[in-house]
Amino acid sequence: DRLIHLFNAGSNYNFLATLDDHSSSITAVRFLPALQDPANIQMVSCGADKSIIFRDVNIDNNGVSFSRVNHIVGRTTLYDMELDRSGKHILTACQDRSIRVYSVAHAKQTKLFKGSVSEDGTLIKVVLDRSGIYCATSCTDKTLALYDYHTGELMATMSGHSELVTGLGFTPDCKHLISVSGDGCIFVWRLPVDMVHTMQARLAANAANPNSTTSGGITVPGVGGGQNNTSSRNSSRTYIGDPKDNTEFGSVSPDIIDPNANYADNQYRFNVGQLPAWAKTKLATENNAFGGAGQSSSSTPKGRWAS
């Protein structure tokens, strides 16, 4: 209904205000620190009207008020929005399968790169990992992609869902990407080892130096004698090899499927449930095809859904 309703989560979700600045459906709303006064916050919203609206949230004795500070009108519909880890830029997932990055301070586009390898469909989700190095996207052609946020380089593509992917998220340990789809499945994708170590190295560097916002080479204490570990493959990423980790990209790690695994956090755990009917049918068809080619039917399944 193109309206934004705001509630106070700290006061029993009391109603605060309704905003009607957009002329079409709203696709994403984010809060971020205000640039002039970090004690206050800004609210940013985007919608199908191709616009991004920045508002200051003013809190005083009279309550909460909202004042528009910037308004961007783009060339394409915006379906999702993400704030980068510096708090200075926002990423938008666009109808033309591009990721457009805008400056929060100046409300101007600063970067554009392709967000899908497909030539069809629409980009509907974009999410950054905790370190702010990689972003994951989903497209209406049911595929996923991983990109280097700083360079726009494609890192990986994934497919397997039979319907649109409606939710994406990196796990806190940066080792997996979780996707949720309209097909009723939740997929846990194991990320490449180099990417995992890059993200963890950035997080370690940020913890050691919270004021650092650089995206170049990272010096990680205790790794490689404190020397800069940035590989010549890309100056914006840090690669730290681990010969002990030979797991294949996309495979599920043993601690996820092992029922006897020792979980440090008992508040949640992953479970691998039964495959949906359409996946079982596809797996059976692929196994029959392999069996007809002279392979033993008792051999390890080679279908996409085999584990």
Under 3.5 Å side-chain donor-acceptor pair for S67 and N58
yes
Would you say L83 has more than 12 foreign heavy atoms packed within less than 6.0 Å of its CG?
yes
Please give me the minimum heavy-atom distance between C174 and L191, naming the atom from each residue.
O-CD1, 3.6 Å
OG (S45) and CD1 (I4) are apart, to the nearest 0.5 Å, by 4.0 Å
Separation between SG of C46 and CZ of R30, rounded to the nearest 0.5 Å:
7.5 Å
If you take all heavy atoms of Y149 and G132, which pair is closest and at what distance?
CD2-O, 3.5 Å
Nearest-0.5 Å distance, OG of residue S51 to CD1 of residue I26:
9.0 Å
Is it true that atom OH of Y13 has more than 12 heavy atoms of other residues, nucleotides or ligands lying nearer than 6.0 Å?
no
CD1 (I186) and NE2 (H161) are apart, to the nearest 0.5 Å, by 9.0 Å
Ion pair check, D21 and R55, cut-off under 4.0 Å:
yes
Approximate separation, where rounding is to 0.5 Å, of E153 CD and D148 CG:
6.5 Å
To check you understand the geometry: which heavy-atom pair defines the closest contact between R85 and L128, and what is its length?
NH2-O, 3.0 Å
4.5 Å side-chain heavy-atom contact, L177 and M158
yes
Could you walk me through whether L6 and M43 satisfy the side-chain contact (heavy atoms from CB on, under 4.5 Å) test, starting with their C-alpha distance in whole Å, then the side-chain angles of each, then the deciding distance to 0.1 Å, before giving a yes or no?
CA-CA 11 Å; L6 293 110; M43 185 178 75; 3.6 Å; yes
What closest approach, in Å, do R97 and L123 show between heavy atoms, and which atom pair accounts for it?
CA-CB, 3.9 Å
State plainly whether the residues K114 and E119 are in salt-bridge range, i.e. N to O under 4.0 Å.
yes
For the pair T76 and R100, evaluate side-chain contact (heavy atoms from CB on, under 4.5 Å) and give the outcome as yes or no after the intermediate values.
CA-CA 10 Å; T76 181; R100 289 177 169 84; 3.4 Å; yes
With clusters defined by side-chain heavy atoms of hydrophobic residues (ILVMFWY) lying less than 4.5 Å apart, directly or transitively, does I99 cluster with Y79?
no
When rounded to the nearest 0.5 angstrom, what distance separates CG in D80 from OG1 in T166?
11.0 Å
Compare every heavy atom of W189 with every heavy atom of S179, then report the nearest pair and how far apart it is.
OG-NE1, 2.9 Å
